[in-house]
Amino acid sequence: MIVGIDLGTTNSLIAYFTEEGPKIIPNRLGKNLTPSVVSVDKEGNVYVGETARERMSLYPDSVAMAFKRSMGTERIYDLSGHRFKPEELSSMVLRSLKEDAESFLGEEITEAVISVPAYFDDKRRKATKRAGELAGLKVERMISEPTAAAVAYGLYDKTKDTRFLVFDLGGGTFDVSVLELYHNILEVRAVAGDNYLGGEDFTEVMAKLFLHKSGLQMQKLSEKDQVRLYRQAEKAKCAISDGEKVTMTFLYGEETREEQITAKEYEEACEELLMKIREPVKKSLADAGLKLSDIDEVLLIGGATRLSIVRDFLIRLFRKFPDTKLNPDETVALGAAVQAAMKERREEVKEVILTDVCSFTLGTEVVVEFEEGKFEDGRFCPIIERNTVIPASHTERLYTARDNQDRVRVRVLQGESRFARNNLYLGELEIQVPPAPKGQESVDVTYTYDINSLLEVEVKVVSTGETRKMIIKGQDNQMTDEEIARRMEELSYLKIQPRDQEENRLVLLRAERMYEETLGDRRKKLDHYITAFETALKKGNREEIDHTREDLNEILEQEDE
Ligand code: AMP
């Protein structure tokens, strides 16, 4: 069986295809969402998901999160003295999901379709693929997140051509994609986004609003205080969509501070963030050559689209109710599972052709004549524009700029600047042309860019038909099978925690944190229950463990209110 995986910035999910359609596989704690958080302690014990996140306030130096943002870069994360690349941390999340799926389905999983943001360039896609390989998963196909969302919404089943906008506001990133379903081809027409906007910004607004109302200052809070403040702000943010106001509490020193925050106050405080949302929406529509009113459907994905202020904003913007029949956290994983079923050629799904877009502009350097006889060189001439659907092939005819010019040099560049020097140089080709007065001779420059990031450049002299070609491969930082095997071996010192004790570990961590946060009698009471649970764990009596854990859990629930 091939599974579908949404490897998210904040949370990850794994899904499989059943006769009734795609379904999410719960993790070892019985939850659908596994936080994309990894923690490694000094001894090399690895914790993934909720347990890792719980370690954040107690052992901040041992925890990494949001590493998806650094995929494909050389960034190194130091966790308790062990060093990891972003794809290695991602591989630990993937491995945990793979194990959960194997235990749930009772079979070995060796292949997955993994979703990636539409704007991920080749380098980041390859890093994602490597993460899969390091986790023992073959990743032959990746699906872009908005495409997965569209697939999950069953838009591929539609007979009518549809244009839709996928609005994805996750924890730390914001992506807008315009897609079009046309004659059974699902095409990403344009993507835009903001890499520094997401649900966490909305949490920050809540935290600041609280500080403002209670007269506290962020600078005066310790690191641990801040972690706690954000946790409370996160809770308040998630609750505020359900009513007119929320009460947020925060333990500062020995005193519990409490403030009421109304939905209206919060909305006003978020105004700047809402304005930021508008820009990528406009840009993606402009790139796709569409107006707001051309959009037939708006699909919401990403946890932060649960915020009612975001939904209301979109309703006002599009004058349309977004489609919300699927859980916004789960849509992408479900779509990836459908894609996995397509790859397996399952009868239940009809194969749709999914295309992708080029996320940057490819062009060449030219000389422009801005006035009779006056030239400016070093200008950039786009050939395949950003957001062009790939595979794509475009030709541009370029003329000689000087009398008796005997050669034309095509410098291949990537980027968005009007000036060649600001764009990325990929390679160059030179070809002879017959000497003639300027502007008489010309060459046709054809760029062909395919889905595997191969760019073929062809230059043809129009008068003589002489042709030269070259192929530029996308950033090639692929690891060979041996390199992957070696790195897996190197990482094998890491001790992956046994699945069955996950819940015990999580409860203990939560209790430890709560112990730090409480005082006096509450602390004593907590200590009593922790000790009972620890004693049971030491004895190894299953019944006693379950019993004391439940008791402790109950106390924690009460304290965490
Ligand atoms: P994602 O990266 O898609 O998992 O989205 C995570 C973001 O969604 C985080 O910033 C969460 O705080 C946010 N989120 C999850 N549930 C809710 C909710 N009910 N209301 C507001 N934001 C939420």
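Each ligand, and each atom within it, is numbered from 1 in the order the structure gives. The residues of the chain are indexed from 1 along the displayed sequence.
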Protein heavy-atom partner closest to atom 4 (O) of ligand 1 - residue, atom, separation in Å: Asn11 ND2, 3.1 Å
Shortest protein heavy-atom distance from atom 17 (C) of ligand 1, along with the residue and atom involved: Cys238 SG, 3.5 Å
Any N/O pair Thr10/ligand 1 closer than 3.5 Å: yes
Protein residue, atom and distance nearest to atom 6 (C) of ligand 1, heavy-atom basis: Gly171 N, 3.6 Å
Enumerated ligand 1 atoms positioned under 4.0 Å from heavy atoms of Gly302: 3 (O)
Residues Lys264 and Glu244 bridged, charged N to O under 4.0 Å: no
Where ligand 1 meets Glu200 - atom numbers and elements under 4.0 angstrom, heavy-atom basis: 10 (O)
Glu512 side chain to Tyr59 side chain, donor-acceptor N/O pair below 3.5 angstrom: yes
Identity and distance of the protein heavy atom lying nearest atom 11 (C) of ligand 1: Glu234 OE2, 3.3 Å
Shortest protein contact, atom 16 (N) of ligand 1 (heavy atom only): Arg306 NH1, 3.4 Å
Residue and atom name of the nearest protein heavy atom (relative to atom 22 (N) of ligand 1), distance in Å to one decimal: Lys237 CE, 3.6 Å
Under 3.5 Å side-chain donor-acceptor pair for Thr249 and Thr256: no
Minimum heavy-atom distance between Val281 and Ser284, given as atom pair plus value: O-OG, 3.0 Å
4.0 Å heavy-atom contact, Ala304 with ligand 1: yes
Carboxylate-amine/guanidinium proximity below 4.0 Å for Lys283 and Glu279: no
Heavy atom of the protein closest to atom 21 (C) of ligand 1 (residue, atom name, distance): Leu307 CG, 3.5 Å
SB check Arg513 Glu516 (cutoff 4.0 Å): no
Worked check of salt bridge (Lys or Arg N to Asp or Glu O under 4.0 Å) between Lys213 and Glu259: CA-CA 7 Å; Lys213 291 192 95 174; Glu259 294 295 336; 5.3 Å; no
Protein heavy-atom partner closest to atom 23 (C) of ligand 1 - residue, atom, separation in Å: Gly303 O, 3.4 Å
Cation over ring face, Arg316 and Phe318, 6.0 Å, 45°: no
